[in-house]
Enquirer: 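Here it is, the structure, as structure tokens.
What you see is a predicted model; the values in this text were computed from it and never measured. Because only heavy atoms are used, hydrogens play no part in the values below, and waters and symmetry mates are left out as well, while side chains stay in. Start at 1 with the first residue, then count along the sequence.
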Amino acid sequence: QVQLVESGGGLVQPGGSLRLSCAASGFTFSRYFMTWYRQAPGKERELVATITSTGGTTNYADSVKGRFTISRDNAKNTVYLQMNSLKPEDTAVYYCNTVHVGLSYWGQGTQVTVSS
């Protein structure tokens, strides 16, 4: 019963910060690669950031590089996305994702709105 639950979204002004969390259950979290995606209205879902099982390697979309940081706490079965210097174009629903036994799993998403 793989389950991913995102939280931490909200309304923030341009230049502000938010920290998203994704709480995982139903699998051995510490063994799995984790990702964050986002989807804005009228656009395809895009990959935002990835992190390896130990947290040793991270990767980012060019659009967020230098502003966002992905991290994980395997003791808490949680992956985070720290978002700084937010821009209106960051507005989207953000989703946590993992692939477990060949199947892709998604959380319900959390809305991030960047607006003045």
Enquirer: In a check of side-chain contact (heavy atoms from CB on, under 4.5 Å) between Met83 and each of Val114, Val112, Asp90, which one passes?
Expert: Val112
Enquirer: Would you give the length of the straight line joining atom CG of Leu86 to atom OG of Ser115, rounded to the nearest 0.5 angstrom?
Expert: 12.0 Å
Enquirer: Looking only at heavy atoms, which two atoms of Ala24 and Leu4 are closest? And how far apart?
Expert: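 Heavy-atom minimum between the residues: CB-CD2, 3.7 Å.
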Enquirer: Does CD belonging to Glu89 count more than 12 external heavy atoms closer than 6.0 Å?
Expert: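 Enclosed.
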Enquirer: For residues 12-19, please give each side-chain donor-acceptor pair under 3.5 Å, one per line with the distance, not counting sequence neighbours.
Expert:
unit_1	atom_1	unit_2	atom_2	d
Ser17	OG	Asn84	OD1	2.9

Enquirer: How close do Glu6 and Cys96 get, counting heavy atoms only, and between which atoms?
Expert: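 In terms of heavy atoms, the two residues are closest at OE2-N, 2.6 Å.
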Enquirer: Between atom OH of Tyr60 and atom CG of Leu81, what is the distance when rounded to the nearest 0.5 Å?
Expert: 7.5 Å
Enquirer: Quick check against the 3.5 Å criterion: does Arg67 have a side-chain atom that pairs as donor or acceptor with the backbone of Ser85?
Expert: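 Yes, the answer is positive, given that a donor and an acceptor are paired below the 3.5 Å cut-off.
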Enquirer: Ignoring hydrogens and geometry, is there a side-chain-to-backbone donor-acceptor pair from Thr58 to Ile70 under 3.5 Å?
Expert: no
Enquirer: One pair to check against side chain to side chain contact (heavy atoms under 4.5 Å, CB included): Gln111 and Thr91. What are the steps and the verdict?
Expert: CA-CA 8 Å; Gln111 176 72 50; Thr91 296; 4.0 Å; yes
Enquirer: Between atom CD of Gln3 and atom CG of Asn77, what is the distance when rounded to the nearest 0.5 Å?
Expert: 12.0 Å
Enquirer: Tell me whether the rings of Tyr32 and Phe27 are parallel (<30°), tilted (30 to 60°) or perpendicular (>60°).
Expert: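 Judged by the thresholds at 30° and 60°, the geometry between Tyr32 and Phe27 is perpendicular.
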Enquirer: Between Phe68 and Tyr94, how do the two ring planes meet: parallel, tilted or perpendicular, split at 30° and 60°?
Expert: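 Plane angle between 30° and 60°, so tilted.
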Enquirer: Is it the case that the side chain of Gln82 and the backbone of Thr69 share a donor-acceptor pair, with hydrogens and angles ignored and the cut-off at 3.5 Å?
Expert: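 No, the answer is negative, given that no donor and acceptor are paired below the 3.5 Å cut-off.
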Enquirer: Establish whether Ile51 and Val99 are linked, either directly or via other cluster members, by ILVMFWY side-chain heavy-atom contacts under 4.5 Å.
Expert: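 No, no single cluster joins them.
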Enquirer: Do Thr78 and Asp73 have a side chain donor and acceptor closer than 3.5 Å?
Expert: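 No, no side-chain donor-acceptor pair sits under 3.5 Å.
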Enquirer: What's the shortest heavy-atom distance between Tyr95 and Gln39, and which atoms?
Expert: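 Residues Tyr95 and Gln39, closest heavy atoms: CE1-CB, 4.3 Å.
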Enquirer: Which residue in the set Leu20, Thr110, Val64 passes side-chain contact (heavy atoms from CB on, under 4.5 Å) when paired with Arg38?
Expert: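 Of Leu20, Thr110, Val64, side-chain contact (heavy atoms from CB on, under 4.5 Å) with Arg38 is met by Val64 alone.
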Enquirer: To the nearest 0.5 Å, what is the distance between CG on Leu11 and OG1 on Thr113?
Expert: 6.0 Å
Enquirer: Quick one: do the Ser104 and Asn97 side chains pair a donor with an acceptor below 3.5 Å?
Expert: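 Their side chains do contain a donor-acceptor pair, which is all the 3.5 Å distance test asks for.
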Enquirer: So how far is it from Thr98 OG1 to Leu103 CG, rounded to the nearest 0.5 Å?
Expert: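 Rounded to the nearest 0.5 Å, the OG1-CG separation comes to 11.0 Å.
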Enquirer: About how many Å separate OG1 of Thr52 and CZ of Phe33, when rounded to the nearest 0.5 Å?
Expert: 7.5 Å
Enquirer: With clusters defined by side-chain heavy atoms of hydrophobic residues (ILVMFWY) lying less than 4.5 Å apart, directly or transitively, does Met34 cluster with Leu47?
Expert: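 Looking at the clustering, Met34 is in a separate group from Leu47.
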Enquirer: Of all heavy-atom pairs between Trp36 and Tyr80, which one has the smallest distance, and what is that distance?
Expert: NE1-O, 3.4 Å
